[in-house]
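First up is the structure itself, then whatever we jot down about it.
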Amino acid sequence: MPDKKLKRVDLIFSEDCGYKDVLAESLKMSNEKILQEILDSGLRGRGGAGFPTGLKWKFTSQEPGDEKYVVCNADEGEPGTFKDREILSRVPLKVFGGMAVCGKVIGAKHGYIYLRGEYQFLKADLEKALDEFHASLKESGFDFQIHILMGSGAYICGEESALFESMEGKRGEPRNKPPYPTIAGFRSKPTVINNVETLVYSFMICRIGAKKFQELGTADSRGSKVFSISGDTPIAGIYELELGMSLEDFVEEFGDGDTKAVQVGGAAGFCVPRKKFKDTIIGFEGVPTGGSMMLFNSSRSMYNVLKNYVEFFEEESCGQCTPCRVGCQQLKKGIEAVKKGDKSAHYLETLQKLAETMKVTSKCGLGQSVANSFSSIVDNFKEEMIY
Amino acid sequence: MPEIKELVKGLADKHGRTRESLLPILQGIISEERFISDAAMTEVARELDMSAALVYGTATFYSFLDTKPRGKYVIRVCRTITCDMKGKKQIVKTLEDLLKVNVGETTKDNKFTLLETNCLGWCHKGPAMLINDEAYTELTEEKVSEIIGDYMKNK
Ligand SMILES: Cc1cc2nc3c(=O)[nH]c(=O)nc-3n(C[C@H](O)[C@H](O)[C@H](O)COP(=O)(O)O)c2cc1C
Ligand code: SF4
Ligand code: FES
C-alpha cells in the first residue's frame, strides 16, 4: 500500500539555485565526496531504465585512461514526454552544471548534448547559454567543454548505444551489450550517459545534499521526478512530484473525473486500468516511468490507443533484428485482423505470445518493451480489441 | 551542379571531413535544400572520401534526412496518440484542403510538403506540427489557415 501522498516539489525549475555558486563549490569538493553524495542520495536515472546514477559515475571514474566523455541524452522521443525540452529551455545552466560536475568526477574534458532534431529551435538559445557557462568554468579554472550534436528524427537514437553510433556519424543501430557505456561508450571510450533531468538532480544534490533529497520518495524511488502529463486532463503540463504516490491520488489530481486508464511510461510503458489505480504505485517498486503520463477517459477507444502505439514501434524499429522488425508488423496486422473479424478472439493470445517472445529475443529495449503496452492493453481491454 | 559542390565544401570546411562530420553535413544540406539529392550524396562521398553507398545508408536511416524532393517548407504533423485525440485528423484535412495535396505530397509550386511524424514533444499542447524547425501548437482549423496563409503570402 502506498503511504506517500501526492506532493509538489520544486527542485528542477527553482530559479534561486545560483548555479554559479553551486558550480564553484562543487568543483572544490573532492571527487570522493561528490560520488558519496550522489550514491547516498539514491538517485536513479530519469530516462527510463533507472540505473543508480552514483554507480554509473563511479564505474566510469574507475576506468583507466584520460579520454572519457559525459553525454546528456536529450533525444526525448518517448510518446507523451516533453519535460526535457522544458528543462533545457528554462534551466539549461543547471543541465550544463550537472555535466561539468560529472566530468570532474569521472575525469572527462568534453561533454556532449545529443538534442533531438525536433528541438532544433532550442539550439541557438542553448549555445548562448553555453557561452555564459564556459566563461564561468574558465573563472573556476576547470577545463571542460560542452558541445551540442543534433539528431534527425529517429526515436531509437535515444537508446544509449544507438545514440553513440549516431554521434559517430553512423546509422543509429543499437550495439550489443556488454560492453556497457561505462567501459566503451562514445568513440568506444568510457562514457557516462545520463538523461537531462538526471543531470539536473545530480547538480541539485551537490547543492542540497543527499540527505535532503533522500527525505523525498520511497526506499526504491528516492526523490522527486518531473512528470509530463497529457491526454484527457484539464491541466495538461509539466509537474514535479514526489515519487511513491498511488495512481489513484494522481488521477484524483489530474484526471477529468472520468479517467478509464493511464498509460504510465509512454508507448514503451504500461497501461493501468481504473480498477488498479488504488494499488499501483508510481515508481520503481510499482510502475516506473520516464515521466510520460497519458490519461484516457471513457470516450476513448483503447484499440485506437494500442494501434497508435504499435504503429509507432513498427515505424521506429531500426530493423536490425528480426523479432522486433517482423514482430511489430505482425502485431499490427494481427490486431487489425481481429478487429475486422478475419481472425477469432483467440488470436489475441497468439499475439501476446509473440510480444513475449519479442521481449526475450530482441536486441534492445525497443523490441523488448513492446510487450509492456501490448499485453497490458490487451489484458485489460480485451472486448475493445474485438468489438 | 556547382551550387551543391559549393555547399558541401562549405559544410565540410565547417564540420570536418571525418565519419563524425557526416551527420552534421547532411543536416546542413537539409537546412539549405530541404532534401538530399543523389548529386548531393555523391558530392559528400567525394568530399569525405567515403563510398556513396555509405552516405546513402546513413542518410536513409533518419526520417528528417529526406532523400526525396521536398518543398521549401516541410510540414510535419504529429500523429501520435494524444495529438490524435485532440483533433489531429481534422488538422491534416484542413492542411490537405488548403495546400491541395495529400499527406506525403509536395505542392506544384514546390513550396510545401505535407508529412506526418511521431511525437514532437508538445503533447500537452496538441495538436502540434513543425514547419521546418518551427513548432506550432494547440492547432485549430482557423489557426492553421492563418499560419499557412501567412507562409503563402509572406515567405
Ligand atoms: C528505444 C529507447 C529509447 C530511449 N530514449 C531515451 C531518451 O529519449 N532519453 C533518455 O534519457 N533515455 C532514453 N532511453 C534510455 C537510455 O538508453 C539510457 O538508459 C538513459 O539515457 C540513461 O540515462 P539515465 O540513467 O540518466 O536515465 C531510451 C532507451 C530505449 C531502449
Ligand atoms: S529491438 Fe528493434 S530497435 Fe532494437 S535493435 Fe532490434 S530491431 Fe533495432
Ligand atoms: S503526441 Fe503529439 S506532440 Fe506528443
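Here is the naming used below: chain letters follow the sequence lines, and residue numbers restart at 1 for every chain. The structure presented is a predicted model; accordingly, all values stated were derived computationally and were not measured.
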Which region of [X], side chain (C-beta onward) or backbone (N, CA, C, O), has a non-hydrogen atom less than 4.5 Å from a non-hydrogen atom of chain A, or is it both or neither?
X: B:Lys125; value: neither
X: B:Arg76; value: neither
X: B:Gln27; value: side chain

Quick one: which of [options] has the most heavy-atom pairs under 4.5 Å with chain B, could you say?
options: A:Ala236, A:Gly153, A:Gly266; value: A:Gly153
options: A:Glu168, A:Met167, A:Glu76; value: A:Glu168
options: A:Ala267, A:Gly77, A:Pro79; value: A:Pro79
options: A:Cys318, A:Gly237, A:Gly172; value: A:Gly172
options: A:Lys83, A:Glu86, A:Met294, A:Met150; value: A:Met150

Taking side chain as everything from C-beta outward and backbone as N, CA, C, O, which of these in [X] sits under 4.5 Å from a heavy atom of chain B? Side chain, backbone, both or neither.
X: A:Asp232; result: both
X: A:Gln263; result: neither
X: A:Leu295; result: backbone

How close do [X] and [Y] get, heavy atom to heavy atom, and via which atoms?
X: A:Asn308; Y: B:Arg79; value: ND2-O, 3.0 Å
X: A:Ala154; Y: B:Tyr62; value: CB-CD2, 4.1 Å
X: A:Gly80; Y: B:Cys119; value: N-SG, 3.7 Å
X: B:Trp122; Y: A:Phe121; value: CZ2-CZ, 3.5 Å
X: A:Gly169; Y: B:Thr58; value: O-CG2, 3.5 Å

For the [atom1] atom on [X], are there more than 12 heavy atoms of other groups (residues, nucleotides or ligands in this structure) within a distance under 6.0 Å?
X: B:Asp38; atom1: CG; result: no
X: B:Asn102; atom1: CG; result: yes
X: B:Lys111; atom1: NZ; result: yes
X: B:Phe35; atom1: CZ; result: yes

[X] [atom1] to [Y] [atom2] distance, which is reported to the nearest 0.5 Å:
X: A:Glu78; Y: B:Cys123; atom1: CD; atom2: SG; result: 10.0 Å
X: B:Leu22; Y: A:Lys170; atom1: CG; atom2: NZ; result: 11.5 Å
X: B:Phe64; Y: A:Glu118; atom1: CZ; atom2: CD; result: 4.0 Å
X: A:Ser166; Y: B:Leu23; atom1: OG; atom2: CG; result: 5.0 Å
X: B:Leu130; Y: A:Tyr119; atom1: CG; atom2: OH; result: 10.0 Å
X: B:Ile81; Y: A:Glu311; atom1: CD1; atom2: CD; result: 9.5 Å

Below 4.5 Å, heavy-atom pairs only: which of B:Pro24, B:Ser63, B:Ala59 has the largest tally toward chain A?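 With the most close heavy-atom pairs to chain A, the winner is B:Ser63.
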Select, from B:Leu26, B:Thr82, B:Leu54, the one with the greatest count of heavy-atom pairs under 4.5 Å involving chain A.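 Option with the top pair count is B:Thr82.
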Verify side chain to side chain contact (heavy atoms under 4.5 Å, CB included) between A:Arg171 and B:Thr60, making sure each step is shown before the conclusion. CA-CA 9 Å; A:Arg171 293 164 65 87; B:Thr60 48; 4.1 Å; yes
